Amino acid sequence: MSQSTQDIEWMTRALRLAARGLYTTTPNPRVGCVIVRQGQVVGEGAHLKAGEPHAEVHALQAAGDLARGATAYVTLEPCSHFGRTPPCADALVNAGVSRVVVAMQDPNPLVSGNGIARLRAQGIAVTVGVGEAQATALNPGFILRMTQQRPYVRLKVAASLDGCTALANGASQWITSPDARKDVHHWRAQSCAVLTGIGSILKDNSALTVREVSTPRQPLRVIVDSQLRIPVDAKALQDGHAIVAYAQGEVAKLEMLQVMGLRTWHLPNAQGQVDIRALMQALTALPCNELLIEAGATLNGAFLQHGLVDELLMYYAPKLMGSTARGMFDLPPFSQMAEVHALHIVDIRQFGQDIRIQAKLQT
């Protein structure tokens, strides 16, 4: 077995470890580490929760003295700065590893190349780029927040085969099957926040919580409610883990929400609606890595028009709802094909009788 093949094998194991933090590491990145000596794993670990030891620390503790002269496989460049925990680059140096294989450089400006440089300065051989595509796919929100100062946005929509999300009278429960709806909870669980509009709250009164996936963490709920119409007994508000973004509204309602322990963000635009770009900036500052939108056609269209959607999760049920039913996106009319939103399909799979199309916006 060649060294490069060995590197791929051990990094694949580290990536599997990193995926254990899919639902829990926010706002930190998902990172795994495997320490190998003479072809045997002597220690491994994953970062599972912000504030707890990083993957390298778990792996080094497991390896003990066997880390000396070993190779460490890490899915993200070891940190070089003091945050909630000491620098992992220093921990690797102090443990005496002889080589570090890194899947990708850390996009965090506080690290970005410094961890690798620190290792090399101490005479440790460093290889970068093994499993880079897979490591990048594990942390799209962390990468985007560090490089473009905004969350990675997924927009989920459930529709009939003719692209309708509700009948003309608003009836929409349920278009898709329980299997498809269960899959949505996987995306909720890995999101830092789930965003919806007041129209969806008034129509469906969804709790927007994770119920079909085992996770110790619930995503933050964000309700876009320009005129503060939300009922104080709405399910999405009941545990206080929610934000209501508004533009105008009664002071009494605002005070009631605040007494309930809810955060209220006043983000008006010139049209008296919630300023979506300002909302994204506020979410970034929380910080928020991955945002899942589960809203109606108006808000869906607004996010698309502002160029703030990275990925679409479109669930199609084998039903036809007719030309008077409501569509997926409220968009202005286009006069030429060059104006339409082009997509790149990355995955198609079936859940029961429903189909999920996962697509990214072409830029």
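Just so it is clear, the structure is predicted and the values come from calculations on it, not from any experiment.
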Side chains of Asp7 and Tyr73 only: does a donor on one sit below 3.5 Å from an acceptor on the other? yes
Can we say Arg188 and Glu294 salt-bridge, meaning some charged N sits less than 4.0 Å from an Asp/Glu carboxylate O? yes
Run the side-chain contact (heavy atoms from CB on, under 4.5 Å) test on Thr264 and Ile243 for me, step by step, so that the C-alpha distance in whole Å, both residues' side-chain angles and the decisive distance to 0.1 Å come before the verdict. CA-CA 6 Å; Thr264 53; Ile243 293 170; over 6 Å; no
Shortest non-hydrogen pair, Leu313 vs Gln358, comes out as CD2-CG, 3.7 Å
Establish, from distance only, whether the side-chain atoms of Asp330 and Thr298 form a donor-acceptor pair under 3.5 Å. yes
Residues Leu343 and Gln362: closest non-hydrogen pair is O-NE2, 3.1 Å
Looking only at heavy atoms, which two atoms of Thr165 and Met321 are closest? And how far apart? C-CE, 4.2 Å
Do the ring planes of Tyr23 and His186 sit parallel (below 30°), tilted (30 to 60°) or perpendicular (above 60°)? perpendicular
If you take all heavy atoms of Gly39 and Trp10, which pair is closest and at what distance? O-CZ2, 3.6 Å
Should Arg30 and Glu290 count as an ion pair when the cut-off is N to O under 4.0 Å? yes
Asp310 bridged to Lys360 by N-O distance under 4.0 Å: no
Look at the aromatic rings of His341 and Phe334 and report parallel, tilted or perpendicular, splitting at 30° and 60°. perpendicular
How far apart are the closest heavy atoms of Ala46 and Ala18, and which atoms are they? CB-N, 4.5 Å
For the pair Asp65 and Arg37, find out whether any cationic side-chain nitrogen is under 4.0 Å from an anionic carboxylate oxygen. no
Does Asn289 reach the side chain of Tyr152, with side-chain heavy atoms less than 4.5 Å apart? no
At their closest point, which heavy atom of Cys192 faces which heavy atom of Cys288, and how far apart are they? CB-SG, 3.6 Å
State whether Trp174 and Arg181 meet the cation-pi test: NZ (Lys) or CZ (Arg) under 6.0 Å from the six-membered ring centroid, and within 45° of the perpendicular axis. yes
Candidate pair Ile357 and Leu312, rule side-chain contact (heavy atoms from CB on, under 4.5 Å), full reasoning: CA-CA 8 Å; Ile357 296 178; Leu312 293 170; over 6 Å; no
Using distance alone, with no hydrogens and no angle criterion, decide if Ser160 and Asp162 have a side-chain donor and acceptor under 3.5 Å apart. yes
Check the pair Val224, Ile198 against side-chain contact (heavy atoms from CB on, under 4.5 Å), reporting the backbone distance first and the verdict last. CA-CA 6 Å; Val224 178; Ile198 184 59; over 6 Å; no
May I ask you to check whether Thr215 and Arg217 show a side-chain donor-acceptor distance below 3.5 Å? no
Between the side chains of Ser112 and Gln105, does any donor sit under 3.5 Å from an acceptor? yes
